[in-house]
Amino acid sequence: MSTLLPDFFESDESLPWVKFHIDGEEKRLKMGERAEVRERFLVHDLPLGCRANVIGYVNAQKSNETELEITQREIEGRFSLDQEERLYRVEFYCNDRFSGMVLVDFVKK
């Protein structure tokens with residue numbers, strides 16, 4: 001037998017979409033969408049008080065990973081959602097509350 005205890009977090013729904021630059025092209029993505037990337041992406045132009053967190057990407061100088069061009073090589077494969085190490089989460093927080101996420105799928109070239 002085991003006991004499961006819920007862990008509740010406050011969320012924020014003020015960020016329905018985000019701007020990405022994917023392989024040099026600007027896109028607006030809704031929360032929950034999946035974006036295909038060939039080489040690189042960056043999160044662009046988040047509102048004040050919001051930040052992006054690319055799960056598996058490590059940058060000791062920045063806690064907000066907006067305006068950083070990121071390639072697949074820079075993300076640790078063990079954080080991938082698939083065995084091919086191509087699918088990664090980009091989480092968004094506004095005023096320290098979870099606002100949603102976008103999945104980044106590095107497609108084969």
Any [X] side-chain heavy atom under 4.5 Å of [Y] side chain:
X: I55; Y: N53; result: yes
X: F92; Y: V102; result: yes
X: H44; Y: F20; result: no
X: V43; Y: E65; result: no
X: V104; Y: L87; result: no
X: L68; Y: Y57; result: yes
X: L29; Y: I22; result: yes

Is there a donor-acceptor pair closer than 3.5 Å between any side-chain N or O of D12 and the backbone N or O of F98? no
Polar side-chain atom of E10 near backbone of R97 as donor-acceptor pair, under 3.5 Å: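 Checked: no pair found.
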Inter-residue atom distance R34.CZ - M101.CE, 0.5 Å rounding: 11.5 Å
Taken to the nearest 0.5 Å, the spacing of R40 CZ from H21 NE2 works out to 13.5 Å
Charged N to carboxylate O below 4.0 Å: is that the case for D23 and R38?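 Result for this pair is no, no salt bridge flagged.
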Does E84 come within less than 4.0 Å of R86, counting only side-chain N to carboxylate O?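 A salt bridge is absent here (no side-chain N lies under 4.0 Å from a carboxylate O).
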According to the interplanar angle, ranging from 0 to 90°, do the rings of F106 and F41 count as parallel (below 30°), tilted (30 to 60°) or perpendicular (above 60°)?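 Answer is tilted, since the angle falls between 30° and 60°.
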With I70 as reference, evaluate L42, I75, V37 under the side chain to side chain contact (heavy atoms under 4.5 Å, CB included) test and give the passing residue.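 It is I75, the one option of L42, I75, V37 that forms the side chain to side chain contact (heavy atoms under 4.5 Å, CB included) with I70.
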Are more than 12 heavy atoms, taken from residues, nucleotides or ligands other than D96, located less than 6.0 Å from that residue's CG atom? no
CD/E26: more than 12 non-hydrogen atoms of other groups inside 6.0 Å: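 Atom CD in E26 is crowded, with more than 12 foreign heavy atoms closer than 6.0 Å.
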Which heavy atom of A52 sits nearest a heavy atom of N64, and at what distance? N-OD1, 3.1 Å
Shortest non-hydrogen separation from L46 to R51 and the atoms involved: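 Of all heavy-atom pairs spanning L46 and R51, the closest is CD1-C, 3.6 Å.
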